Structure formats: C-alpha cells, structure tokens
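Given the structure is predicted, the values throughout are model-derived calculations rather than measurements. Worth knowing before you read on, the calculation uses all heavy atoms, side chains too, and leaves out hydrogens, waters and symmetry mates.
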Amino acid sequence: MKKALTAVAAAAFAFAGLTGTASAENEKFVLISHAPDSDSWWNVIKNAIQVAGDQMDVEVEYRNPPTGDLADMARIVEQASATNPDGIIVTIADFNVLQGPVKDAVDKGIPVITINSGTQEQSEKLGALMHVGQPEYDAGFGAGKRAAAAGAKSFVCVNHYITNPASVERCRGFADALGVELGSQMIDSGQDPSEVKNKVSAYLNSHQDIDAVLTLGPNSAHPTLAALRDSGLAGEIMFGTFDLSSEIADAIKAGEIDFAIDQQPYLQGYLPVVILTNYARYGVLPSGHINSGPGFITKGNIAQVEKYAGEYR
C-alpha cells in the first residue's frame with residue numbers, strides 16, 4: 001500500500017511539474033470535518049491540506065462545527081456546496097445526517113472525496129469519487145488480536161465520540177477479536193477530560209477483573225492514562241489506543257501504553273487535495289479507495305515517528 005500511495009503522489013507531482021504553474025486555475029476545495037474545535041488530533045489534517053495546497057497551488061479551506069454538532073456539520077456541507085467549489089472533502093460522521101447534503105453536492109457536479117469516518121460502501125452510496133481512510137472495524141479487530149495474544153479476556157473501550165458510528169466499529173472489532181459480545185464494556189465517556197477520567201476510574205473500581213483498555217484517540221487516551229496512573233495500573237494493564245500524540249508517544253516509551261493505532265491522518269488530508277487538483281485540471285483519477293491505515297506504533301518503532309507527532313503523524 002505504501003508503494004502504491006507513493007506512486008500516486010509521485011505521478012501527481014511529476015505531471016504537475018511538467019505543466020508548470022500555468023496549469024493552475026485558482027481551484028478551491030473545502031474540507032469539512034465533524035471534529036469540535038477542542039480536538040487537537042485534527043491539527044495533522046489541517047497541516048496536510050496546507051502543505052498540499054501550497055504544493056499544488058490551490059486554495060483549501062478547513063471547516064468544522066465548533067462543538068461537533070452533526071446537524072451543524074450538515075449545514076456547513078450545504079453552505080460549502082452553495083459556493084460551488086472545485087471539490088469537497090468530507091467525513092461521514094453519520095451517514096443518515098449527512099447523506100442529503102453530500103448527495104446534493106454530488107448531484108450539482110461537485111467532485112466529493114470522503115475521508116476518515118464512514119465506510120467505503122457508504123462513500124459509494126453517496127456518489128463520492130473514493131474514500132481515503134482506515135477500515136475501522138478491521139483496525140479494532142487487529143487491536144483485539146494483539147490484546148488476545150497478550151492474554152486479555154475482559155476489557156473496557158473508552159468511547160469519547162459515541163455518536164460517530166465509526167468509533168463504535170472500533171470497539172466492536174476489538175470485542176469480536178476477543179470473542180466477547182460488545183455491551184457495557186463500551187462506555188460513553190464524553191470529551192471533557194475530567195469527566196473521562198472520572199468515568200474510567202469508576203469503571204475500573206467496579207470491574208477489577210479488567211485486563212485490557214482501548215481508547216479511541218487522544219481525547220480519551222490522555223485522561224484514561226491519568227486514571228490508570230492514579231490507580232497504580234499504568235504499565236500493569238494492557239493499554240491500546242487509536243491515534244498518536246506526544247503524550248501517547250511518551251507513554252509508549254515508558255511502557256504505559258502498549259500500542260497506538262496510526263491511521264495516518266496526514267494522508268487523509270494530503271492525498272484528496274492532490275487527487276482533486278489533478279482531477280480538476282486533467283481529468284485523471286486513481287482507481288478505487290485508499291486505505292490510510294491501520295499501522296501499529298509500539299516501543300519498537302516509536303523513535304521513527306514521535307518527532308512528527310501532532311504535525312505529520
């Protein structure tokens with residue numbers, strides 16, 4: 001996959017380089033995410049679209065609902081569509097909420113690429129050109145296989161964005177790999193750090209047989225790590241998380257977190273801009289969807305990626 005992605009990007013640059021800046025036509029693209037302003041994980045994607053925009057000589061606007069409200073996100077898609085951009089990049093945070101506005105954009109002839117949340121099948125139903133993201137169930141299942149290999153039998157999945165179906169798929173895949181039916185092991189933690197920590201601490205106190213913890217990103221990983229430290233369980237209980245941050249990287253090096261699942265968000269922001277630019281200018285389009293992850297970051301390879309955490313990783 002890495003070779004294929006490199007080839008896509010290289011071909012795009014080579015073609016753009018041959019034609020020079022004269023081919024630029026002031027293309028404008030809009031990336032719309034479901035993330036609230038408080039979610040720093042999206043800084044990598046913001047950086048990616050800035051880099052891609054500069055390299056391709058196009059304008060890329062990032063828009064999101066400040067509080068993460070999906071109805072607000074749907075309105076943002078409608079507003080973006082009304083400006084007739086050269087392309088829209090959008091997450092499928094909730095298919096039912098977003099299908100109307102996204103399909104309307106496609107029907108207007110606006111090229112759409114879906115990223116991050118949602119599935120390839122949902123992307124196709126919306127009429128998008130492709131989906132660039134991580135198969136969430138498969139990523140969760142891969143994490144569960146690692147936990148099972150370490151002897152885990154019971155777990156808690158700390159879901160800080162339970163209204164996003166993709167996050168539930170992560171927990172479900174983890175449970176299936178352990179041979180456990182997903183139920184009360186998934187807690188709706190919310191995104192307030194103090195609330196997340198308190199809920200995790202309460203769960204650990206009432207379920208002292210827990211031998212694995214899965215968090216779905218820095219928003220839940222950081223306060224969960226604090227809860228484990230307070231209870232003396234940090235480094236004693238298997239702990240896996242999705243996504244990366246400098247704090248997560250430090251915890252991996254310290255042996256407090258066993259692995260982080262890297263969906264490579266940089267590719268989710270960067271590749272759609274490159275692809276849409278070449279599609280707008282020359283009508284060329286890669287065939288099929290692109291899996292940006294999952295990859296697993298452990299103590300064995302953290303040194304290779306930690307210096308890029310929060311910017312490119």
Enquirer: Please find the pair of heavy atoms, one from P111 and one from G109, that lie closest to each other, and give the distance.
Expert: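 It is CD-O, 3.4 Å.
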Enquirer: First locate atom CG of L271, then atom CD1 of I49, and finally report the distance between them rounded to the nearest 0.5 Å.
Expert: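 One finds 13.5 Å between CG of L271 and CD1 of I49.
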Enquirer: For K145, I'd like to know if atom NZ has over 12 heavy atoms of other residues, nucleotides or ligands within 6.0 Å.
Expert: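 No, not enclosed.
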Enquirer: Looking at residues at least two apart in the chain, or sitting in another chain, which of them share a ring pair (Phe, Tyr, Trp, His ring centres under 6.0 Å) with Y161?
Expert: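 If we apply the ring pair (Phe, Tyr, Trp, His ring centres under 6.0 Å) test to Y161, skipping adjacent residues, the hits are H34.
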Enquirer: One thing to verify: whether R313 and D262 come together as a salt bridge, which I'm taking to mean a side-chain N less than 4.0 angstrom from a carboxylate O.
Expert: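 Salt bridge present between D262 and R313.
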Enquirer: Count the heavy atoms of every other residue, nucleotide or ligand shown that sit under 6.0 Å from OH of Y203, and state whether that count exceeds 12.
Expert: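 Yes, the 6.0 Å shell around OH holds more than 12 heavy atoms from other groups.
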Enquirer: Taking side chain as C-beta onward, heavy atoms only, is D86 less than 4.5 Å from L276?
Expert: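 D86 vs L276: side chains apart.
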Enquirer: Working note: K197 + D230, criterion side chain to side chain contact (heavy atoms under 4.5 Å, CB included); need CA distance, chi angles, decisive distance, verdict.
Expert: CA-CA 10 Å; K197 181 182 176 182; D230 286 353; 2.6 Å; yes
Enquirer: Where the side chain of D192 meets the backbone of S194, is there a donor-acceptor pair that is under 3.5 Å apart?
Expert: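 Side chain of D192 to backbone of S194: a pair is present.
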Enquirer: Which atoms form the tightest heavy-atom contact between P223 and P218, and what is the distance?
Expert: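 Minimum heavy-atom contact is CD-O, 4.0 Å.
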Enquirer: Taking atom types as modelled and ignoring hydrogens, do the side chains of N159 and D188 form a donor-acceptor contact shorter than 3.5 angstrom?
Expert: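 Their side chains do not contain a donor-acceptor pair, so the 3.5 Å distance test is not met.
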Enquirer: Tell me, do F95 and I92 make a side-chain contact under 4.5 Å, heavy atoms counted?
Expert: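 Contact flag for F95/I92 side chains = yes.
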Enquirer: Under 3.5 Å, is there a donor on one side chain and an acceptor on the other for Q55 and Y270?
Expert: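 Yes.
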Enquirer: Do T277 and E27 have a side chain donor and acceptor closer than 3.5 Å?
Expert: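 Per modelled atom types, T277 and E27 side chains form no pair under 3.5 Å.
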Enquirer: Around atom NZ of K307, are there more than 12 heavy atoms of other residues, nucleotides or ligands at under 6.0 Å?
Expert: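 For K307, atom NZ is not crowded (no more than 12 foreign heavy atoms under 6.0 Å).
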Enquirer: From I187 CD1 over to I162 CD1, what is the distance, rounded to the nearest 0.5 angstrom?
Expert: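 If I round to the nearest 0.5 Å, the distance is 9.0 Å.
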Enquirer: Is any side-chain heavy atom of I88 closer than 4.5 Å to one of F29?
Expert: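 No; the side chains remain at least 4.5 Å from each other.
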Enquirer: How far does CD1 of I290 sit from CE of M130, to the nearest 0.5 angstrom?
Expert: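 I290 atom CD1 to M130 atom CE measures 5.0 Å (nearest 0.5 Å).
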Enquirer: Do I110 and V60 share a hydrophobic cluster, counting only Ile, Leu, Val, Met, Phe, Trp and Tyr and linking them when any side-chain heavy atoms are less than 4.5 Å apart?
Expert: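 I110 and V60: separate clusters.
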Enquirer: Measure across V200 and A227 and return the closest heavy-atom pair with its distance rounded to 0.1 Å.
Expert: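 Looking at all heavy atoms of both residues, the shortest contact is CG1-CB, 3.9 Å.
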Enquirer: Is V112 close to L126 at the side-chain level, that is, under 4.5 Å between some pair of heavy atoms?
Expert: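 A side-chain contact is absent here, since even the closest heavy-atom pair is not under 4.5 Å.
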Enquirer: Should Y312 and I297 be regarded as members of a common hydrophobic cluster, given that ILVMFWY residues are connected when their side-chain heavy atoms come within less than 4.5 Å of each other, either directly or indirectly?
Expert: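 In one cluster with Y312: I297, no.
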Enquirer: Linking I/L/V/M/F/W/Y whenever their side-chain heavy atoms sit closer than 4.5 Å, directly or via other members, would F141 and V213 fall into one cluster?
Expert: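 Different hydrophobic clusters.
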Enquirer: Do you see a donor-acceptor pair shorter than 3.5 Å between the side chains of T91 and S117?
Expert: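 There is no such pair (donor and acceptor under 3.5 Å, judged by atom type) between the side chains of T91 and S117.
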Enquirer: I need the minimum non-hydrogen distance between L98 and A93, along with the two atoms involved.
Expert: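 In this case the closest contact between L98 and A93 is CD1-N, 3.6 Å.
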Enquirer: Are I210 and L233 close enough, and set up right, to give a side chain to side chain contact (heavy atoms under 4.5 Å, CB included), and what steps lead you there?
Expert: CA-CA 11 Å; I210 292 296; L233 292 174; over 6 Å; no
Enquirer: Quick one: which of I115, I45, N64, D39 gives a side-chain contact (heavy atoms from CB on, under 4.5 Å) with S33?
Expert: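 Among I115, I45, N64, D39, the one meeting side-chain contact (heavy atoms from CB on, under 4.5 Å) with S33 is N64.
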Enquirer: With distance as the sole criterion, is a donor-acceptor pair present between the side chains of D94 and Q99 under 3.5 Å?
Expert: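 Result is no, nothing qualifies.
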Enquirer: When hydrophobic residues are tied together by side-chain contacts of less than 4.5 Å, even through go-betweens, does F242 share a cluster with W41?
Expert: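 No, separate clusters.
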Enquirer: Can you sort out the partners of H160 under ring pair (Phe, Tyr, Trp, His ring centres under 6.0 Å), two or more places apart, ordered by chain and number?
Expert: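 H160 satisfies ring pair (Phe, Tyr, Trp, His ring centres under 6.0 Å) with no other residue.
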Enquirer: Taking only Lys NZ, Arg NE, NH1 and NH2, and the carboxylate oxygens of Asp or Glu, determine whether E121 and K125 approach each other closer than 4.0 Å.
Expert: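 K125 and E121: not salt-bridged.
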Enquirer: Name each donor-acceptor pair under 3.5 Å that joins a side chain in residues 73-85 to protein atoms two or more places apart or in another chain, with its distance.
Expert:
from: Q79; atom 1: OE1; to: R63; atom 2: NH2; distance (Å): 3.1
from: T83; atom 1: OG1; to: A80; atom 2: O; distance (Å): 2.6
from: N84; atom 1: OD1; to: K108; atom 2: NZ; distance (Å): 3.0

Enquirer: Just by distance, no angles: are the side chains of T119 and H131 close enough, under 3.5 Å, to form a donor-acceptor pair?
Expert: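 Checked: T119/H131 side chains show no N/O donor-acceptor pair below 3.5 Å.
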Enquirer: Assess the pair F174 and F155: is the distance between their ring centroids shorter than 6.0 Å?
Expert: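 Yes.
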Enquirer: What residues, two or more places apart in sequence or in another chain, satisfy side chain to side chain donor-acceptor pair (under 3.5 Å) together with Q191?
Expert: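 Residues passing side chain to side chain donor-acceptor pair (under 3.5 Å) with Q191: N219.
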Enquirer: Of the non-hydrogen atoms in I261 and A139, which two are nearest, and what is the gap between them?
Expert: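 Looking at all heavy atoms of both residues, the closest pair is CD1-O, 3.9 Å.
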Enquirer: Quick one: are I275 and P286 in side-chain contact, heavy atoms under 4.5 Å?
Expert: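 They are in side-chain contact.
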Enquirer: Could you walk me through whether C171 and L216 satisfy the side chain to side chain contact (heavy atoms under 4.5 Å, CB included) test, starting with their C-alpha distance in whole Å, then the side-chain angles of each, then the deciding distance to 0.1 Å, before giving a yes or no?
Expert: CA-CA 8 Å; C171 296; L216 306 187; 3.9 Å; yes
Enquirer: Would you indicate whether the side-chain heavy atoms of I248 and D243 approach each other to under 4.5 Å?
Expert: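 D243 vs I248: side chains apart.
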Enquirer: Quick one: do D258 and K299 make a salt bridge, cutoff under 4.0 Å?
Expert: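 Looking at D258 and K299, the cut-off is not met.
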Enquirer: Distance alone, cut at 3.5 Å: any donor-acceptor contact between the side chains of H207 and Q185?
Expert: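 H207 vs Q185: no donor-acceptor pair found between side chains.
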Enquirer: Less than 3.5 Å apart, any donor N or O on the side chain of Q134 or N116 sitting next to an acceptor on the other?
Expert: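 No donor-acceptor contact under 3.5 Å links the two side chains.
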Enquirer: Provide the closest heavy-atom pair for A166 versus G118 in the form atom of the first, atom of the second, distance.
Expert: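 For A166 and G118, the tightest heavy-atom pair comes out as CB-N, 4.2 Å.
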Enquirer: Rounded to the nearest 0.5 Å, how far does CG of L228 lie from CD of E236?
Expert: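 One gets 10.5 Å once the value is rounded to the nearest 0.5 Å.
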Enquirer: May I ask you to decide if V90's main-chain N or O and T114's side chain share a donor-acceptor pair within less than 3.5 Å?
Expert: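 No; zero donor-acceptor contacts below 3.5 Å.
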Enquirer: Just to verify, what does F259 make a ring pair (Phe, Tyr, Trp, His ring centres under 6.0 Å) with, not counting sequence neighbours?
Expert: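 F296.
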Enquirer: Do R172 and Y137 meet the cation-pi criteria used here (NZ or CZ under 6.0 Å from the six-membered ring centre, within 45° of the axis)?
Expert: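 Verdict for Y137: no cation-pi partner in R172.
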Enquirer: Has the side chain of N301 got a donor or acceptor atom that lies under 3.5 Å from a matching backbone atom of T298?
Expert: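 Such a contact is found between N301 side chain and T298 backbone.
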Enquirer: Would you say I237 ends up clustered with L178 if hydrophobic residues are merged whenever their side chains have heavy atoms under 4.5 Å apart, either directly or through other cluster members?
Expert: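 Different clusters.
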Enquirer: Which distance, rounded to the nearest 0.5 Å, do you find between the CG of L182 and the SG of C157?
Expert: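 Between atom CG of L182 and atom SG of C157 there are 7.0 Å.
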Enquirer: Given the rule in the side chain to side chain contact (heavy atoms under 4.5 Å, CB included) test, do F239 and E256 qualify, once you have shown the distances and angles that lead to the verdict?
Expert: CA-CA 7 Å; F239 184 2; E256 295 175 316; 5.8 Å; no
Enquirer: What residues, two or more places apart in sequence or in another chain, satisfy side-chain contact (heavy atoms from CB on, under 4.5 Å) together with D138?
Expert: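 Scan of D138 (side-chain contact (heavy atoms from CB on, under 4.5 Å), adjacent residues dropped) gives P135.
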Enquirer: Can you find a pair of side-chain heavy atoms, one from P65 and one from I32, that are under 4.5 Å apart?
Expert: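 Side chain of P65 against side chain of I32, heavy atoms only: no contact under 4.5 Å found.
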Enquirer: Side-chain contact, heavy-atom cut-off 4.5 Å: V51 with D54?
Expert: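 With C-beta onward as the side chain, the pair stays apart.
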